**Q** 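I have a structure I would like to understand better, so I am pasting it below and will then ask my questions one at a time.
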Amino acid sequence: MDKIKIIGGKPLNGKVEVSGAKNAALPILISSLLADGPCRFSRVPRLQDIRTTLKLLGHLGVSVNAHLDQNQVELHADHIHTLDAPYDLVKTMRASVVVLGPLLARFGRAKVSLPGGCAIGARPIGFHLAGLEKLGAEIQLEGGYVIASAKRLRGNRVAFEFPSVGATENLLMASVLAEGETILENCAKEPEVVDLAKTLKAMGAQIEGEGTETIHVQGKTSLVGCDHEIMGDRIEAGTFLAAGFASGGNVRVDGLNPDYIESLLVKFEEAGAKITRGDGFIGLQSLGRPKAVDMTTQPYPGFPTDMQAQFMAVMAVAEGASLISETIFENRFMHVSELARLGADIAIRGNTAIVKGQKSLRGAPIMATDLRASASLIIAGLCAQGETVIDRIYHLDRGYERVEEKIQQLGGSIERVR
Ligand code: UD1
């Protein structure tokens, strides 16, 4: 199994380009199930989760023409031969549950394995199912599968209990082919939802209000193929900025709209970094050791839960103590015990971590537990004196494209060992 070896203690300096956003690409590739014609996507990141999605689409019968080395994928859902998404494909990637909406909307039936829990929490799909029922779907749970059917979905008003990203995406994809108008309320406003809506509009869907709480959709009887470039990955960008800040460096990330991580940039400014917001880039200059600031994760435009672990790594070397509260997932502090192995001083009280910043960390063998936890361990390893070896980095390969290469480009001493 691959490991990552880091020799820490050097500031990161320089420029990197972010890849296409994983969390935008997954539902967007799946949205090809809705279109009669071929869909061409560019800036698709070369990641394990993308390969899993393509495998699932291929299993359903979508013709997949992928050149991931060039970040290009062409998908054509003209010969769907099964409407079943089996457990062995869904279990490795929860996002696959968003095939429910498009399969149901276009083909009238879907059988999708319940995704089950994952390391960061239970992650149920009740909001997805309640929403689809509102559009007239009949839903049964049988042998660990959701079986949904509807002759044709009918538009309705759907109010989400919580602005869930996945449920908003699932319902958006269901409603574009439903009969009449659908009004989605209390929607997730994440930029990835907006990128999906942009793709659906390119297929001919009629959608208004994406990026706000309420989305209006006028259903169509069919959609056409499209060309779409995936948005830049704001979490990847935030991760490199965090690594630059924690290590005392000067980093610029290119290839994304700075507005999409404003909540993070504001926190870094409060913590003493100098931030430059440019046209498609962000610069971060560390003006000394970060100062401790408190943070609470929130749905967009609040601070993203997907940056919580990386932010904690910065606070682990900050001056003073900070309180970090996680409100989105119940079990997202698994990086804490690994950060402690590097000398971080962190205590957990319920959903809050109390982080007492240390002048320095020391390298140690540690283990990645989930995707963003892995990123936080890399940041901490880059700050720690001496050698850090991170085990179980397959989590990292699910969500970061060529991460070692990009960190090397910033002057970090990092390598993959087999
Ligand atoms: C997406 C992101 C993930 C990110 C998360 C929150 C993708 C592929 N993944 O995950 O990286 O961390 O948004 O920004 O885009 N919930 C329910 N019932 C439901 C659905 C959700 O209780 O039916 C709860 C979840 O358990 C969680 C909260 O709602 O506590 C938010 O989850 P949600 O926004 O749905 O996250 P995902 O779409 O799974």
Side-chain angles (χ1 to χ4, degrees), residues 20-31 45 47-50 52-53 56 90-101 112 114-134 139 141 146 148 158-174 184 186-197 230-231 233-236 238-239 260-261 263-264 296-311 325-335 351 370-376 395-396 398-400:
K22 168 183 88 78
N23 284 356
L26 299 177
I28 286 175
L29 294 179
I30 288 172
S31 74
L47 299 172
Q48 197 48 43
D49 274 7
I50 297 294
T52 307
T53 305
L56 174 60
V90 175
K91 73 172 183 208
T92 55
M93 201 189 63
R94 281 189 39 90
S96 30
V97 77
V98 302
V99 298
L100 255 180
V112 178
L114 282 166
C118 72
I120 63 172
R123 303 183 84 173
I125 57 163
F127 305 156
H128 302 235
L129 302 185
L132 293 171
E133 276 180 332
K134 278 265 179 166
I139 293 185
L141 299 180
V146 179
V158 176
F160 297 111
E161 220 171 284
F162 180 86
S164 151
V165 173
T168 304
E169 292 169 345
N170 222 341
L171 266 291
L172 192 55
M173 289 195 271
L184 303 174
N186 198 22
C187 292
K189 301 180 205 134
E190 268 71 359
E192 292 76 13
V193 173
V194 176
D195 208 30
L196 170 64
I230 310 288
M231 64 179 274
D233 196 318
R234 63 194 173 104
I235 304 300
E236 188 195 3
T239 301
Y260 291 163
I261 48 164
S263 58
L264 172 72
T296 300
T297 61
Q298 295 287 348
Y300 190 83
F303 193 100
T305 174
D306 285 351
M307 275 303 300
Q308 180 256 106
Q310 301 91 313
F311 187 78
S325 299
E326 173 58 60
T327 70
I328 309 292
F329 292 109
E330 74 266 31
N331 188 22
R332 208 170 196 181
F333 283 144
M334 282 163 309
H335 41 286
N351 71 341
D370 68 64
L371 170 56
R372 305 304 169 185
S374 326
S376 94
H395 293 289
L396 198 68
R398 289 187 44 209
Y400 288 89

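Numbers here are sequence positions counted from 1. As the structure is a prediction and not an experimental result, all values here were calculated from the model. Start at 1 and go down the list; that is how both ligands and their atoms are numbered.
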**Q** What I want to find out is whether Asp306 reaches Arg332 closely enough, with some N-O distance under 4.0 Å, to be called a salt bridge.
**A** yes
**Q** Is there side-chain contact between Met173 and Leu196, with heavy atoms separated by less than 4.5 Å?
**A** yes
**Q** Which of the atoms of ligand 1 are close to Gly166, meaning less than 4.0 Å from one of its heavy atoms?
**A** 35 (O), 38 (O)
**Q** Taking the side chain as every heavy atom from C-beta outward, state whether Pro299 and Ile328 have any pair of such atoms under 4.5 Å apart.
**A** yes
**Q** If you measure from each non-hydrogen atom of Phe162 to ligand 1, which part falls under 4.0 Å: side chain, backbone, both or neither?
**A** side chain
**Q** What atoms in ligand 1 come closer than 4.0 Å to a heavy atom of Val165?
**A** 1 (C), 13 (O), 33 (P), 34 (O), 35 (O), 38 (O)
**Q** Between Pro45 and Ile50, is there a side-chain heavy-atom distance shorter than 4.5 Å?
**A** yes
**Q** Classify the contact between Leu129 and ligand 1 as side chain, backbone, both or neither, using a heavy-atom distance cut-off of under 4.0 Å.
**A** neither
**Q** Heavy atoms only: which of Pro27, Ala25, Pro124 is nearest to atom 26 (O) of ligand 1?
**A** Pro124
**Q** Tell me, with the steps shown, if Tyr260 and Tyr300 meet ring-ring contact (aromatic ring centres under 6.0 Å, His included).
**A** CA-CA 9 Å; Tyr260 291 163; Tyr300 190 83; 7.0 Å; no
**Q** Between Glu236 and Lys22 (salt bridge meaning N to carboxylate O under 4.0 Å), is one present in this structure?
**A** no
**Q** Under 4.0 Å, heavy atoms only, figure out whether ligand 1 is touched by the backbone of Ala95, its side chain, both or neither.
**A** side chain
**Q** Atoms of ligand 1 less than 4.0 Å from Asp306 heavy atoms?
**A** 3 (C), 4 (C), 11 (O), 12 (O)
**Q** Under a heavy-atom criterion of less than 4.0 Å, does Ala167 contact ligand 1?
**A** no
**Q** In the structure I gave you, are the side-chain heavy atoms of Leu171 and Phe160 within less than 4.5 Å of one another anywhere?
**A** yes
**Q** So, Ser376 versus Gln310: side-chain donor-acceptor pair below 3.5 Å or not?
**A** no
**Q** Less than 4.5 Å apart, side chain to side chain, heavy atoms only: is that true for Tyr400 and Asp233?
**A** no
**Q** Geometry only, no angles: is Glu169 polar-contacting ligand 1 at N/O separations under 3.5 Å?
**A** no
**Q** Consider every N or O of Pro163 and every N or O of ligand 1, then say whether any pair is closer than 3.5 Å.
**A** no
**Q** Any N/O of Leu26 closer than 3.5 Å to an N/O of ligand 1?
**A** no
**Q** Using a 4.0 Å heavy-atom cut-off, which part of Arg332 comes near ligand 1: side chain, backbone, both, or neither?
**A** side chain
**Q** What is the distance from atom CD of Glu133 to atom NE2 of His128, rounded to the nearest 0.5 Å?
**A** 13.5 Å
**Q** Is any N or O atom of Phe329, backbone or side chain, closer than 3.5 Å to an N or O atom of ligand 1?
**A** no
**Q** Return yes when Ala188 approaches ligand 1 closer than 4.0 angstrom through a heavy atom, no otherwise.
**A** no
**Q** Can you find a pair of side-chain heavy atoms, one from Met231 and one from Pro191, that are under 4.5 Å apart?
**A** yes
**Q** Under 3.5 Å, N or O to N or O, is Lys22 touching ligand 1 that way?
**A** no
**Q** Check for me whether His128 has a heavy atom closer than 4.0 Å to any atom of ligand 1.
**A** yes
**Q** Taking non-hydrogen atoms only, is Thr305 closer than 4.0 angstrom to ligand 1 via side chain, backbone, both or neither?
**A** side chain
**Q** Pull out every atom of ligand 1 sitting under 4.0 Å from any heavy atom of Gly126, numbered as shown with elements.
**A** 19 (C), 23 (O)
